[in-house]
Amino acid sequence: MKTISENRCFGGVQGVYSHTSEICGCDMTFGLFLPEEAEHEAVPVLWYLSGLTCTHQNAMEKAGAQAWAAEHSVALIFPDTSPRGESVPDDGAYDLGQGAGFYVNATEGAWAKNFQMWDYITEELPHLLFSAYPLDEGRQAITGHSMGGHGALTIAMSFPGRFRSVSAFAPIANPSASDWGRKQFTAYLGKDEAKWAPHDATLLMKKRGFDGPILIDQGASDQFLELLKPEALAEAIAITRQNATFRMQKGYDHSYYFVSTFMGDHIGFHAEALYA
């Protein structure tokens, strides 16, 4: 790994690092916040998956998460949202290609060579981090925003026992029924919608649910509500009687002003599960 930067932050260290990813076939960058307690012992981990157009920097710099993580002695991992580089395929649209990996393993066309974000997030990056840093692999939680909320929910439900809790800020809740999903799934996974189902939080909720608590915040004034489809996931939660809290936050939009407002609630929610 290459150290890009390390800064003292709320008693801990906010670092940015890069490494060569065999799975994605390019160099990948991630952020890692280690609270002060990591100097003496392994600490629990909260993964944060970002949304469309974002890199590791957006949440790391805008969400205010480090202060809350330091208070609760929790490490934060901020992965990138896609492979990047001159040799990596891209698209002119903001919602496909670099910055829009959708946390799936692409099987179609030129995308298949690099866009293996599911395996990167669930296999390669965890193996690298847990072997290199004082992180407690037995105490993990996961969250994310928008496309990252979609990724957090689908990954958590697909790996029973790995995560003690999952939360999301304005997740893309039903991508199989949304232009934020159908377009990307067709490009990355092909036209067979059966291959999309494992990456749709609403369908996964109906099929298997999650073996722990869930917290979801959605801005009631979100400009992308028609694309996010929160009502579909809320209905699935109700039908399956999932242990979940789903909050519509009056007046809030899709921005990091919204995310930062409720970040303390989410980290406190995860800390309760991680230290139970």
Side-chain angles (χ1 to χ4, degrees), residues 46-52 59 63 102-104 118 121-122 139-182 184-185 193-254 258-259 261-274 276:
L46 176 59
W47 294 79
Y48 183 99
L49 305 186
S50 290
L52 286 166
F102 264 77
Y103 304 102
V104 303
W118 181 271
I121 295 295
T122 65
R139 292 187 292 168
Q140 297 185 65
I142 190 167
T143 187
H145 173 228
S146 193
M147 180 184 73
H150 138 77
L153 290 166
T154 57
I155 288 171
M157 286 188 276
S158 299
F159 290 87
R162 180 180 293 195
F163 302 99
R164 295 194 181 185
S165 53
V166 60
S167 74
F169 301 87
I172 301 175
N174 190 195
S176 295
S178 168
D179 287 343
W180 274 359
R182 296 188 64 84
Q184 295 80 7
F185 287 174
E193 295 190 18
K195 296 180 180 178
W196 303 359
H199 301 287
D200 187 306
T202 295
L203 300 181
L204 281 175
M205 182 62 65
K206 292 178 179 178
K207 181 178 181 180
R208 65 179 66 160
F210 177 62
D211 55 349
I214 298 175
L215 172 61
I216 297 173
D217 274 313
Q218 172 63 62
S221 297
D222 193 314
Q223 60 269 46
F224 302 115
L225 278 174
E226 292 301 316
L227 293 166
L228 301 171
K229 300 192 176 300
E231 67 282 354
L233 181 57
E235 180 182 18
I237 287 171
I239 290 172
T240 57
R241 295 173 172 82
Q242 170 71 44
N243 176 14
T245 300
F246 196 116
R247 309 189 301 190
M248 292 295 292
Q249 301 291 0
K250 184 177 180 180
Y252 285 89
D253 60 14
H254 199 70
F258 156 66
V259 173
T261 298
F262 300 103
M263 180 58 72
D265 289 357
H266 283 244
I267 293 182
F269 163 78
H270 290 297
E272 183 175 353
L274 290 168

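Atom set for the values below is all heavy atoms of this structure, side chains included, hydrogens, waters and symmetry mates excluded.
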Looking only at atom types and distance, does a side-chain atom of Arg164 sit under 3.5 Å from a main-chain N or O of Arg139, one as donor and one as acceptor?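 No, because the side chain of Arg164 does not come within donor-acceptor range (under 3.5 Å) of the backbone of Arg139.
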
Keeping His254 on the side-chain end and Ala170 on the backbone end, is there a donor-acceptor pair under 3.5 Å? no

Are [X] and [Y] side-chain neighbours, meaning at least one heavy-atom pair lies under 4.5 Å?
X: Phe269; Y: Thr143; result: no
X: His266; Y: Leu46; result: no
X: Phe262; Y: Arg247; result: yes
X: Pro175; Y: Met147; result: no
X: Pro230; Y: Leu225; result: yes
X: Phe163; Y: Ile155; result: yes
X: Val104; Y: Gln184; result: no

Quick check on Glu272: does its CD atom have over 12 non-hydrogen neighbours (other residues, nucleotides or ligands) under 6.0 Å away? no

Does Asp179 CG have over 12 foreign heavy atoms under 6.0 Å away?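 Check fails, neighbour count at 12 or below.
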
His199 and Thr154: side chain donor to acceptor below 3.5 Å: no

List the atom of [X], the atom of [Y], and the distance in Å for their closest heavy-atom pair.
X: Ile216; Y: Pro171; value: CG2-CD, 3.9 Å
X: Ser50; Y: Tyr103; value: O-OH, 2.8 Å
X: Ala197; Y: Leu204; value: O-CG, 4.1 Å
X: Met205; Y: Leu233; value: CB-CD1, 4.2 Å
X: Ala152; Y: Ser167; value: CB-O, 4.0 Å
X: Asp211; Y: Gly161; value: OD2-N, 2.9 Å

Between [atom1] on residue [X] and [atom2] on residue [Y], distance to nearest 0.5 Å:
X: Lys229; Y: Asp200; atom1: NZ; atom2: CG; answer: 11.0 Å
X: Phe224; Y: Ile172; atom1: CZ; atom2: CD1; answer: 10.0 Å
X: Gln140; Y: Arg162; atom1: CD; atom2: CZ; answer: 6.5 Å
X: Phe246; Y: Ile237; atom1: CZ; atom2: CD1; answer: 6.0 Å
X: Tyr252; Y: Ser221; atom1: OH; atom2: OG; answer: 10.5 Å
X: Phe185; Y: Ser176; atom1: CZ; atom2: OG; answer: 5.5 Å

Could you give me the CA-CA distance, side-chain angles and deciding distance for Ser146 and Leu228, then say whether side-chain contact (heavy atoms from CB on, under 4.5 Å) is met? CA-CA 8 Å; Ser146 193; Leu228 301 171; 4.3 Å; yes

Are Thr240 and Arg208 close enough, and set up right, to give a side-chain contact (heavy atoms from CB on, under 4.5 Å), and what steps lead you there? CA-CA 9 Å; Thr240 57; Arg208 65 179 66 160; over 6 Å; no

Evaluate side-chain contact (heavy atoms from CB on, under 4.5 Å) for Phe258 paired with Asp222, printing each intermediate quantity in order. CA-CA 9 Å; Phe258 156 66; Asp222 193 314; 5.6 Å; no

For the residue pair His145 and Phe169, does the interplanar ring angle fall in the parallel (under 30°), tilted (30 to 60°) or perpendicular (over 60°) class? perpendicular

